Amino acid sequence: QVQVVESGGGLVQPGGSLRLSCAASGMPFSIAVMGWYRQGPGKQREWVAAVGSGGTTMYADSVKGRFTISRDATKNTVYLQMNSLKPEDTAVYYCKAVINTSNYWGPGTQVTVSS
């Protein structure tokens, strides 16, 4: 069975850092396009970052320069390193794997940025 599970969320102060992990299983991870999305209270889900099978990365303007997406093929895991966090980054963060025409979503992990 295909599984995508996020971890690493929590409470962090403004200006702090947090690293999210997304563990994938039951899929050909090496050919998957992996992405991070987030959804704040009362907001629509928005795309945050993506990394291709070859390591190419893309970021939303709102996080560019602060967030870094990466993948570790040996662990079938994608990471989202979040630095200089702001209160507006508060959201449930979701990991998505795309293989051919299929999308696989994780259940999400809560990130709260507050003093």
Side-chain angles (χ1 to χ4, degrees):
Q1 291 181 323
V2 174
Q3 287 189 305
V4 179
V5 182
E6 306 92 339
S7 63
L11 176 65
V12 64
Q13 294 184 339
S17 299
L18 206 61
R19 189 180 76 161
L20 305 182
S21 298
C22 172
S25 61
M27 70 173 71
F29 181 79
S30 62
I31 65 170
V33 175
M34 304 295 297
W36 286 97
Y37 293 73
R38 66 186 182 186
Q39 186 169 22
K43 298 180 180 180
Q44 294 191 65
R45 188 172 300 187
E46 64 175 342
W47 173 74
V48 174
V51 58
S53 60
T56 301
T57 60
M58 294 190 295
Y59 301 92
D61 288 341
S62 59
V63 306
K64 197 170 299 180
R66 299 188 298 122
F67 290 11
T68 302
I69 188 171
S70 61
R71 62 195 298 159
D72 185 342
T74 66
K75 298 180 179 180
N76 287 5
T77 300
V78 62
Y79 303 96
L80 185 68
Q81 178 66 47
M82 304 183 293
N83 299 326
S84 301
L85 284 163
K86 306 173 181 179
E88 50 262 46
D89 294 319
T90 296
V92 176
Y93 283 71
Y94 298 91
C95 181
K96 184 179 79 172
V98 182
I99 302 175
N100 296 324
T101 60
S102 299
N103 295 343
Y104 303 94
W105 290 92
T109 185
Q110 176 71 48
V111 173
T112 302
V113 184
S114 176
S115 60

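The chain is numbered in sequence order, starting from 1. On a predicted model such as this, the values are computed, not experimentally measured, just so you know.
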In Å, rounded to the nearest 0.5 Å, how long is the span from [atom1] of [X] to [atom2] of [Y]?
X	Y	atom1	atom2	value
W36	L20	CH2	CG	4.5 Å
S114	D89	OG	CG	12.5 Å
I69	M34	CD1	CE	7.5 Å
T68	R19	OG1	CZ	11.5 Å
S25	Y104	OG	OH	11.5 Å
K43	T90	NZ	OG1	8.5 Å

So if you build clusters from Ile, Leu, Val, Met, Phe, Trp, Tyr with side-chain heavy-atom gaps below 4.5 Å, do [X] and [Y] land together?
X	Y	answer
L18	Y93	yes
V98	V5	no
V51	Y37	no
L11	V111	no
V92	V12	no

List the steps and the verdict of salt bridge (charged side-chain N to carboxylate O under 4.0 Å, His left out) for D61 and K64.
CA-CA 5 Å; D61 288 341; K64 197 170 299 180; 3.1 Å; yes
May I ask you to decide if the ring planes of W105 and Y94 are parallel, tilted or perpendicular, using 30° and 60° as cut-offs?
perpendicular
So, D72 versus T74: side-chain donor-acceptor pair below 3.5 Å or not?
yes
Identify the two heavy atoms, one from [X] and one from [Y], that lie closest to each other, and give their separation to 0.1 Å.
X	Y	result
S30	S53	O-CB, 3.1 Å
A91	G40	CB-N, 3.6 Å
S21	T77	CB-CG2, 4.2 Å

Counting only N and O atoms by type, is there a donor-acceptor contact under 3.5 Å from the side chain of [X] to the main-chain atoms of [Y]?
X	Y	answer
W47	A49	yes
E6	T109	no
R71	G52	yes

Does the ring of Y59 carry R66 above it, NZ/CZ under 6.0 angstrom from centre and within 45° of its axis?
no
Could you tell me if the side chain of V63 sits less than 4.5 Å from the side chain of R38, heavy atoms only?
yes
I want to check something: taking the side chain as every heavy atom from C-beta on, are V4 and C22 in contact at a cut-off of under 4.5 Å?
yes
